[in-house]
Structures are given as structure tokens and as C-alpha cells.
Amino acid sequence: MTTIADKIRQVAGKRKAIILAHNYQPPEIQALADMCGDSLELSRRASRTDAEVIVFCGVHFMAETASILSPEKTVLLPRMEAGCQMADMITAEALRIRLDTLPSMPVVTYVNSPAEVKALSTICCTSANVVQVAESLDADEMLMTPDRNLAMYAAARTGKKIHLWDGFCPTHERLKPKDVEAARRKHPDAVFMAHPECRPEILEIADVIASTSGMLRHAAQSDAREFIVGTETGLLYPLQKANPGKRFYPASEKMLCPNMKKISLEDVLNCLENMSNQVKVQENIRLPALEAVEKMVKLG
Ligand code: 13P
Ligand code: SF4
């Protein structure tokens with residue numbers, strides 16, 4: 001019997017398409033994808049392939065980043081309404097207004113942001129390299145957007161004066177110290193890993209602070225057998241798959257990003273059959289946004 005996954009692979013082959021899935025996507029989407037990973041890693045790897053079409057199973061800013069890095073490829077987002085609540089907490093217009101009060105201030109922008117905001121920024125960062133990016137700037141003061149938790153994390157580690165943007169990820173913000181205490185009582189030998197999008201009081205009690213790819217690396221290399229995972233619960237699937245002998249527990253079942261769960265296998269098939277839901281960043285935005293992304297990539 002032909003399954004929907006078989007049909008998707010057939011159409012993807014005909015279209016010369018590559019299917020990418022973020023680490024938070026539902027298991028059936030990650031199982032289908034040609035590549036899984038964090039958003040920047042996926043866009044960078046896809047730009048190096050000779051695929052003509054990129055199907056990005058993730059959220060809108062990720063498809064935009066793929067378009068910024070691969071303007072010659074067609075980028076499809078299987079559900080257009082899969083946005084990112086944190087990226088929606090900033091606009092180019094709002095950033096311009098804030099910069100009027102902070103003249104000639106360098107701007108560091110998290111990749112979880114709209115392309116127009118990247119285009120106005122000095123440099124981009126990810127949760128994995130934010131400290132390195134802040135240190136690379138020849139300035140002791142900067143504005144960091146849109147995630148205030150990531151900015152506070154970088155400020156504490158660099159000693160630089162970082163002006164905050166009042167944005168956050170609702171999924172990570174939901175995790176409270178009492179949730180971690182309860183998880184630790186249930187699993188006393190587990191290592192608690194937290195994503196830097198979590199509140200400062202969570203990062204203070206974490207054993208390990210890492211991005212999603214950093215958590216995957218840490219879990220594989222560590223001698224520990226049990227882990228409490230302080231990020232979106234979708235990461236449990238790749239963690240468990242890569243480490244069948246180890247145990248992973250969510251820090252809280254409430255850490256669920258509704259946008260990351262919108263895409264179904266039917267949506268992937270539909271957009272590939274109809275070449276619908278194309279995401280394309282216009283050149284006047286793409287070129288300055290690319291400059292901010294490339295400056296970060298050059299740091300290694
Ligand atoms: P990373 O995969 O870069 O750690 O990002 C986390 C996230 O919230 C993506 O939406
Ligand atoms: Fe955005 Fe948070 Fe969802 Fe990631 S988990 S897509 S940062 S809302």
C-alpha cells in the first residue's frame with residue numbers, strides 16, 4: 001500500500017525538492033524529512049544542495065532565512081499561518097522608532113525575527129552563538145532583539161551593556177522554577193538542560209544551558225543516563241531516537257509551541273503538488289539581511 005509519506009517522496013523527487021524539519025516538529029514530519037536540525041543549520045545545509053525546491057517544516061522566519069540564503073531556490077512553508085510568537089513581537093517600524101532614542105547603537109538580532117528586522121541589524125545571532133556574537137562587536141553597548149531572556153543571558157556572560165527588547169518566547173517563558181523542582185523530585189539523578197530562551201531564574205538552576213543542537217550534542221556525549229529537557233517538547237523525539245539507552249523527560253508538559261505543531265503530512269503533500277505557500281524575501285530586504293546573517297556565519 002502506498003502511504004502518504006511514499007507519495008510525498010515521489011512528488012519531492014519529481015520537483016527536485018528537499019524536505020527540512022526543525023527539531024520541534026511532530027515525529028512523523030521529522031521521520032519524513034531529509035534533514036532535521038535547528039533553523040540556521042538547516043538553511044545553511046540546504047543552500048549547499050542542488051535541490052531546486054526547499055520545503056521548510058518549521059515556522060515562517062525559518063522559511064524566510066532559507067530564502068535569504070538561497071534566492072535561486074523556491075521555498076515552501078506547508079502552512080502559511082505557522083508563525084513565531086516571538087518574531088511577531090518586533091517589526092521594522094517599531095525598531096526604527098526605538099533606534100531614534102538610541103542613535104548609532106549596534107543591533108544584534110536573534111534569527112527568530114522577521115527578515116525586515118534582520119535587514120536593519122548590524123549582525124544576527126542564534127541561541128548557540130549569542131555570547132560570541134556580542135563579544136565580537138567592537139562596542140561595549142548594544143541593543144539586542146527580540147528576545148529579552150537571550151539578551152539578559154548574553155549580558156551576564158559578557159559584562160557588556162545590553163539594551164533589551166521586550167520580546168520573549170511564550171513556550172519557554174511558561175517554564176517556572178516550581179516545574180523544574182517537581183521534575184527533579186521525580187527524577188533526582190537527571191541532568192537539567194535549559195534553552196537560553198528560558199527565564200533567568202530557570203537558567204540559574206540549570207545544569208546545562210544549550211540551544212536545541214547543543215542539547216542533542218550534550219546528551220550524546222554525556223555519561224549521564226537521564227535528562228530533564230527545558231525546551232519545546234518536540235526535541236524529545238530526536239533526543240530519544242539518537243540515544244535509545246538514555247531517558248528524557250519534559251521539564252513541563254506545557255512547553256508546547258502551537259505553531260510548531262501546525263504542519264501535517266497532508267500539508268507537505270499539498271504544497272509540493274501545487275507549489276503553493278511560497279516564501280520569497282524581496283531583494284531590497286534580502287541583501288541587507290544576508291549581510292547581517294553572513295557576518296555571524298563568518299565568526300564560525
Ligand atoms: P534553536 O533550534 O536554534 O535552539 O531555536 C529554538 C527555537 O525556539 C526555534 O524556534
Ligand atoms: Fe517561536 Fe518559541 Fe515557537 Fe520557537 S518555540 S517558534 S521561538 S514561539
Side-chain angles (χ1 to χ4, degrees), residues 20-26 29-30 33 35-46 56-66 69 77-90 108-114 117-118 124-133 144-151 153-154 165-175 193-199 202-203 206 208-219 229-239 242 250-263 279 293 296-297:
L20 312 183
H22 186 266
N23 289 325
Y24 296 160
Q25 285 289 297
I29 302 282
Q30 293 200 46
M35 292 179 192
C36 297
D38 67 35
S39 63
L40 188 75
E41 163 189 4
L42 287 173
S43 290
R44 292 185 65 199
R45 281 167 64 195
F56 213 124
C57 300
V59 294
H60 192 265
F61 78 80
M62 297 180 181
E64 277 190 338
T65 307
L69 291 173
L77 177 65
R79 281 286 285 276
M80 253 343 182
E81 66 276 33
C84 163
Q85 287 168 286
M86 171 156 56
D88 290 345
M89 291 180 190
I90 188 166
V108 178
T109 291
Y110 190 22
V111 287
N112 298 27
S113 57
V117 171
K118 292 186 178 76
C124 283
C125 73
T126 69
S127 52
N129 64 18
V130 61
V131 171
Q132 193 193 359
V133 168
M144 199 171 270
T145 79
D147 187 1
R148 63 181 184 214
N149 289 337
L150 192 66
Y153 164 76
W165 189 271
D166 201 17
F168 59 92
C169 164
T171 302
H172 288 82
E173 190 79 0
R174 230 169 271 142
L175 183 66
M193 305 191 288
H195 194 280
E197 286 176 21
C198 293
R199 295 162 178 265
I202 295 292
L203 300 185
V208 175
I209 301 173
S211 64
T212 58
S213 39
M215 287 186 193
L216 283 162
R217 252 192 323 275
H218 181 81
V229 183
T231 194
E232 213 276 343
T233 52
L235 190 68
L236 293 169
Y237 171 76
L239 279 169
S252 159
E253 299 282 356
K254 292 176 291 188
M255 294 189 81
L256 209 127
C257 172
N259 284 307
M260 278 288 180
K261 311 300 177 202
K262 283 193 174 144
I263 296 173
V279 174
V293 172
M296 166 189 75
V297 169

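Every number for a ligand or one of its atoms is a count from 1 in the order of the listing.
- Each protein N, O or S atom less than 2.8 Å from atom 1 (Fe) of ligand 2 was counted, giving 1.
- Regarding atom 2 (O) of ligand 1, its nearest protein heavy-atom neighbour is Thr212 OG1, 2.6 Å.
- Of all atoms in ligand 1, listed by their number and element, those nearer than 4.0 Å to a heavy atom of Asn112 are 7 (C), 8 (O), 9 (C), 10 (O).
- Under the 4.0 angstrom criterion for non-hydrogen atoms, Met62 is in contact with ligand 1.
- Salt bridge Arg148/Glu197: absent, no basic N to carboxylate O contact under 4.0 Å.
- By the 4.0 Å heavy-atom criterion, Ser127 is counted among the residues contacting ligand 1.
- Between His195 and ligand 1, a contact under 3.5 Å exists for at least one N or O pair.
- Judged purely by atom type and a 3.5 angstrom limit, Arg174 uses its side chain to pair as donor or acceptor with the backbone of Lys254.
- The shortest distance between side-chain heavy atoms of Met296 and Gln132 does not fall below 4.5 Å.
- When side chains are defined from C-beta on, Asp38 does not count as touching Thr126, because their heavy atoms never get closer than 4.5 Å.
- Atoms of ligand 1 found under 4.0 Å from any heavy atom of His22 (numbered from 1 in listed order, with element): 2 (O), 9 (C).
- In this structure the side chain of Tyr110 never reaches within 4.5 angstrom of the side chain of Val130, judged on heavy atoms.
- Residue contact annotation: Glu232 has no non-hydrogen atom under 4.0 Å from ligand 1.
- Residue-ligand proximity: Glu197 is placed with a non-hydrogen atom under 4.0 Å from ligand 2.
- For the pair Gln85/Phe168, no side-chain contact is recorded, criterion being any heavy-atom separation below 4.5 Å from C-beta on.
- Note: no N/O pair closer than 3.5 Å links Ser39 and ligand 1 by distance alone.
- Within ligand 1, the atoms closer than 4.0 Å to a non-hydrogen atom of Ser211 are 4 (O), numbered from 1 in the order shown.
- To the nearest 0.5 Å, the span separating CE on Met255 from OG1 on Thr231 amounts to 5.5 Å.
- Heavy-atom contacts of Asp38 reach the following atoms of ligand 1: 1 (P), 2 (O), 3 (O) (cutoff under 4.0 Å).
- Using a 4.0 Å cut-off between heavy atoms, Val59 makes no contact with ligand 1 at all.
- Considering every non-hydrogen atom in both Glu41 and Cys36, the closest pair reads OE2-O, 4.4 Å.
- The closest side-chain heavy-atom distance from Lys262 to Met80 is not below 4.5 Å.
- Among all non-hydrogen protein atoms, the one lying nearest atom 8 (O) of ligand 1 is Glu197 OE2, 3.1 Å.
- Remark: the backbone N or O of Gln25 is paired with a side-chain donor or acceptor of Gln30 at under 3.5 angstrom.
- Electrostatic pairing of Glu232 and Lys261 counts as a salt bridge here, judged by a charged N lying under 4.0 Å from a carboxylate O.
- Side-chain contact check for Pro78 versus Phe56: every heavy-atom pair is 4.5 Å or farther apart.
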